[in-house]
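Step one of this worksheet: look at the structure below.
Computed from a prediction, not measured in an experiment: that's the story for all the values here. Naming convention: chains lettered A, B, ... in sequence-line order (proteins, then strands); numbering from 1 in each chain. Computed over heavy atoms, backbone and side chain alike; hydrogens, waters and symmetry mates excluded.
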Amino acid sequence: MTRKSEETAAGNMSEKIVLIDGHSILNRAFYGIPDLTNGEGLHTNAVYGFLNIMFKILDEEKAQYLAVAFDLKAPTFRHKMFEAYKGTRKPMPEELHQQVPVMKEMLTAMKVPLLMKEGYEADDLLGTVAKRAEAEGLDVSIVSGDRDLLQLATDKTKIRIPKTKRTGTEIEDYNAVEVKEKYLVTPKEFIDVKALMGDASDNIPGIPGVGEKTATKIIAEYGSIENAYGHLEEIKPNKARESLREHYDMAQLSKTLAAIDTDSPVEFSLEEARLGDLYTEEAFELCKRLEFKNLLARFNCDGPKNSVSGHFKKITDTAAADEIFESALNADILGFQLLIWQKQIQGLAVCYGEEDIYYLPVQGAMTAEYLTGRLEQAAGSAKMSGTINLKEELSFIRIPDRKRVVDEAIAAYLINPLKDTYTYDDLAKEYLQMIVPSRMELLAKGGYDPEREETAACAGYMAYVAFACAIPVQDRLKELDMFKLFTDIEMPLVYTLYDMEKAGIMVNAEELKAYGDKLTGRIGELEESIWAQAGEKFNINSPKQLGVILFEKLKLPGGKKTKSGFSTAADVLDKLADEYPIVSLILEYRQLTKLKSTYADGLAVYITENGRIHSSFNQTITATGRISSTEPNLQNIPVRMELGREIRKVFIPSPGFIFVDADYSQIELRVLAHISGDKTLIDAYRQAQDIHRITASQVFHIPFDEVTPLQRRNAKAVNFGIVYGISSFGLSQDLSITKKEAAEYINKYFETYPRIKQFLDETVENAKKEGYVTTLFGRRRPVPELSSSNFMQRSFGERVAMNAPIQGTAADIIKIAMIRVNERMKNEGLLSRLILQVHDELLVEAAAEEAEHVKEILREEMQGAADLAVRLEIDMHTGANWYEAK
DNA sequence: TAGGTCACG
DNA sequence: ACGTACGTGACCTAG
């Protein structure tokens with residue numbers, strides 16, 4: 001909508017100008033809003049926050065004029081006056097610095113004048129323009145996060161200080177009266193207060209021994225530094241008196257530095273600042289590029305008419321549908337999307353040209369069977385088809401020629417695995433530079449309703465995006481050298497994961513129930529004992545309440561750790577468990593309630609009528625290329641503790657089948673040996689099966705047979721640490737040793753395996769240069785944290801850069817194995833099925849008579865999945881349940 | 001909805 | 001000096 005500058009109804013009401021302190025508000029926004037980046041990796045949170053604050057103010061002010069002031073780099077008149085007045089300010093973080101030109105570009109696009117003048121600070125420009133505007137009879141609002149601006153407050157000039165709170169942005173307003181109320185001095189006197197007390201961040205020296213309180217008291221009484229000096233002998237705290245006597249010159253200099261120059265020679269014409277339509281084409285484009293979706297709503301409807309929606313057509317009779325499918329058969333590119341709602345096909349969306357976009361709801365003669373039948377034909381005949389979330393659609397269609405169909409969500413995931421969604425609107429934004437309404441926005445209320453216009457629009461966008469993105473995503477994959485990874489691993493894996501989900505795993509519901517009941521009894525006992533020892537009833541599951549009981553009431557040692565109070569995490573409690581019986585009880589309680597709620601009760605609700613659990617295996621979640629499992633997560637079923645491990649007994653094969661479970665032995669360390677090419681480690685793997693022991697032997701220079709259990713344990717921890725992106729602190733925590741000792745271990749380790757150190761260093765260095773790391777199979781992980789100015793973030797980036805190629809390569813390898821194992825069992829006519837993957841482990845439900853055959857397949861395909869410098873060893877077990885097969 | 005905790009590799 | 005091991009998902013509490 002065009003925002004007209006509204007003429008005020010009453011003639012005696014004055015016009016208003018809003019003046020914004022650019023850097024100050026940008027700063028506020030930067031620190032107040034979590035980091036955001038757009039698809040190009042540009043940080044955008046400060047610009048976004050600035051615009052939100054600006055719009056909020058404009059919405060409530062109804063002003064007629066607007067301008068934004070920025071500092072320039074050049075030295076100001078203050079530098080000339082006072083040498084120390086120079087760049088001791090904190091440097092701006094790079095993430096914020098990047099955003100300054102973007103902010104200026106945005107304001108320019110909105111035709112908002114920028115006030116900048118070499119040799120003057122934004123404060124001076126704001127003060128000058130405010131004074132001039134006031135002289136012309138305008139009301140003035142100055143928006144800044146900086147309290148120094150309070151000296152500009154008058155009856156007509158209001159200083160507005162936004163505060164970002166949890167509940168949103170709140171703004172504190174100060175006219176002259178409010179300044180006096182809050183600070184006990186007038187705005188003009190505020191300068192003198194600041195001059196006396198000084199301001200380190202602004203390089204105002206002030207005078208020694210005078211802080212805010214004394215300064216305020218003196219100025220409140222005498223009105224100015226000069227007048228106070230005139231009454232020097234009356235001044236109260238002796239220290240302040242003598243300081244003022246001695247440093248009067250400094251005080252006066254401070255005052256000049258602190259005073260905003262309201263007569264700076266800034267070129268400013270009120271007419272240029274008149275608020276016109278902020279919502280220009282240029283601003284729209286920039287908002288789009290920055291991905292400010294919420295702000296786009298402020299622009300005229302959904303922006304420049306996107307011609308796409310003009311070509312959406314809803315088809316309701318089979319005659320018309322037949323024609324469409326005929327054309328689709330010959331399409332170069334077919335975009336399709338099955339519309340699935342509550343596990344039922346509600347319709348189909350297809351697109352095979354810029355103007356051929358169709359929504360075909362299931363209705364009458366146009367049955368689900370008709371639609372899927374015709375779609376299968378089309379997908380088998382069109383040169384290529386694109387869709388989003390193919391695995392979900394496979395429940396309803398068979399793909400005749402897998403090579404012709406691509407899942408664009410998976411392509412987009414490979415291109416950038418750090419996003420959390422790959423919906424059609426994400427893809428449109430990323431690959432078509434198009435902002436389209438999301439499914440959530442369109443179908444928010446009411447869900448799927450074939451009659452609604454929004455449903456048809458959603459279908460249209462889905463089909464169009466699937467069509468239009470097919471080429472761009474594949475081109476991008478080729479540019480990034482991931483096309484082979486896509487076609488040879490990720491796309492085939494879609495079908496493998498679908499098969500696994502469909503197969504599911506059988507669960508003995510009665511036994512699961514019994515397991516839960518057993519826990520309940522013990523939980524009750526523990527609860528009573530804990531309450532008895534605490535002397536009161538409380539919710540043991542509440543870390544907050546528990547913290548208070550343990551560390552305040554019972555006064556156990558172990559101070560604060562978390563933001564919201566005491567840490568009661570297991571590693572903290574472990575240290576107290578020996579000495580305080582209540583702590584052991586709590587630890588046991590925690591363990592048992594976890595088993596009960598997450599596993600016993602948690603799993604039970606997922607058992608379907610066929611007695612099986614069908615988890616979802618997600619292919620576009622992790623940053624490293626692993627798959628994830630949800631609803632329920634079957635990749636974190638207990639195994640480390642015996643009691644928890646028991647739960648695996650409820651996972652059983654169908655009658656006549658057994659489980660065959662195979663897991664890679666130290667796959668990540670083997671991957672590291674390979675990609676680093678470290679001779680010593682490779683040889684170690686060639687000669688011994690106990691790698692941690694041989695590591696200890698090599699690192700500590702002791703004969704293999706004399707390695708103590710402790711030495712082996714330490715070596716094992718270092719091996720793990722290396723894979724995680726080692727740090728002496730992390731290792732010291734893990735082994736409960738000092739940082740120094742940990743650092744020594746690491747040094748020795750690197751001396752023993754120099755190529756590993758070289759590899760890790762080079763990987764980090766290269767990641768800093770390129771912005772990403774890759775696996776052996778070309779999978780990328782961007783590491784934006786490496787360019788952060790924040791030490792902690794950057795260190796995190798370094799560890800990620802070291803870990804991702806290792807974890808990711810292992811993920812690639814097991815994916816290859818899964819595809820081949822699954823295919824072989826199907827092609828060789830077996831009844832056995834792959835049913836689970838747990839990162840380095842595959843679980844097969846094998847027909848009893850096929851067990852040996854299955855073992856052979858698992859061994860061949862898992863070991864043969866990659867040809868590394870070291871052998872890929874596996875451990876394999878069979879059993880009548882998952883407990884036994886492990 | 002976020003934070004704390006804990007299950008897995 | 002900063003304050004951590006890497007990658008996940010589910011449940012619970014509390015605002």
d(CG, A/N618; P, C/dA10) in whole Å: 9 Å

What does nucleotides 3-9 of chain B look like as a protein-contact string, B for base, S for sugar-phosphate only, - for none, at under 4.0 angstrom between heavy atoms? -SSBBBB

Who passes side chain to side chain contact (heavy atoms under 4.5 Å, CB included) against A/V572, sequence neighbours left out? A/F551, A/K561, A/S567

Checking A/K740 now: which residues fulfil side chain to side chain contact (heavy atoms under 4.5 Å, CB included) with it, not counting sequence neighbours? A/T738, A/E744

In whole angstroms, how far is the C1' atom of C/dC6 from the CZ atom of A/F796? 8 Å

Once you apply a heavy-atom cut-off of 4.0 Å, does A/G725 come out as touching a base, just sugar-phosphate, or nothing? nothing

For A/Q733, what residues pass the side chain to side chain contact (heavy atoms under 4.5 Å, CB included) criterion, not counting sequence neighbours? A/F729

Taking only side-chain N and O atoms of A/S727, does any of them lie within less than 4.0 angstrom of OP1 or OP2 on C/dT4? no

A/I647 atom CD1 is separated from C/dA10 atom C1', nearest whole Å, by 13 Å

For DNA chain C, list all stems, counting runs of three or more consecutive pairs where every pair is Watson-Crick or G-U wobble with both distances under 3.5 Å. B:1-9 with C:6-14

Name every residue in residues 773-795 of chain A that has at least one heavy atom under 4.0 Å from any atom of DNA chain C, in order of residue number, or write none if there are no such residues. A/R781, A/F791, A/M792

Roughly how many Å is it from CZ in A/F720 to C1' in C/dT4, rounded to a whole number? 18 Å

In whole Å, measure the gap between the P atoms of B/dG4 and C/dA5 for me. 13 Å

Answer with base, sugar-phosphate or nothing: what part of the nucleic acid does A/A623 contact at a heavy-atom distance below 4.0 Å? sugar-phosphate

Any donor-acceptor N/O pair, A/R670 side chain to A/R871 backbone, under 3.5 Å: yes

Applying side-chain hydrogen bond (donor to acceptor under 3.5 Å, both in side chains) to A/K553 and not counting sequence neighbours gives A/E536

For a quick check of understanding: with a heavy-atom distance under 4.0 Å over all strands, which category does A/A717 fall into, base, sugar-phosphate or nothing? base

Describe the nucleic acid contact of A/Q733 in one word from base, sugar-phosphate, nothing, applying a heavy-atom distance below 4.0 Å. nothing

Side chain to side chain contact (heavy atoms under 4.5 Å, CB included) partners of A/S728, counting only residues at least two apart: A/K739, A/A742, A/A743, A/I746

Ring pair (Phe, Tyr, Trp, His ring centres under 6.0 Å) involving A/F651 - partner list, sequence neighbours excluded: A/W882

Interatomic distance where NZ belongs to A/K739 and C1' belongs to C/dA1 [whole Å]: 10 Å

Which part of the nucleic acid, if any, lies within reach of A/I806 when heavy atoms closer than 4.0 Å are counted: base, sugar-phosphate only, or nothing? nothing

Check the distance between C/dC6's P and A/N719's CG and give it to me in whole angstrom. 18 Å

What's the closest nucleotide to the side chain of A/S628 if the choices are C/dC12, C/dG7, C/dT8? C/dT8

Would you say whether A/F729 stacks on C/dT4? The test is a distance between ring centres of less than 5.5 Å and an angle between planes of less than 30°. yes

List in chain and number order the residues that pass ring pair (Phe, Tyr, Trp, His ring centres under 6.0 Å) with A/F700, two or more places apart in sequence or in another chain; answer none if no residue qualifies. A/Y745

Separation between the P atoms of C/dT4 and B/dG3, rounded to whole Å: 14 Å

If the P atom of C/dG3 is compared with that of B/dC6, how far apart are they to the nearest Å? 23 Å

Can you see if the side chain of A/S542 gets near the phosphate of C/dA14 - specifically, an N or O under 4.0 Å from OP1 or OP2? yes

Between A/R712 and A/D690, is there a salt bridge with N-O shorter than 4.0 Å? yes

Regarding A/D663, tell me which of base, sugar-phosphate or nothing describes its non-hydrogen contacts under 4.0 Å with the strands shown. nothing

Partner residues of A/Y883 under the ring pair (Phe, Tyr, Trp, His ring centres under 6.0 Å) criterion, sequence neighbours left out: none

Euclidean distance, atom CD of residue A/E798 to atom P of C/dG3 [Å, nearest integer]: 16 Å

Could you tell me whether A/R779 and A/E490 make a salt bridge, using a distance below 4.0 angstrom between a side-chain N and a carboxylate O? yes

How would you list, by chain and number, every residue that makes a ring pair (Phe, Tyr, Trp, His ring centres under 6.0 Å) with A/Y749, sequence neighbours excluded? A/Y753

Charged N to carboxylate O under 4.0 angstrom, A/E765 versus A/K768? no

Expressed as a whole number of angstroms, how long is the span from A/M802:CE to C/dA5:C1'? 10 Å

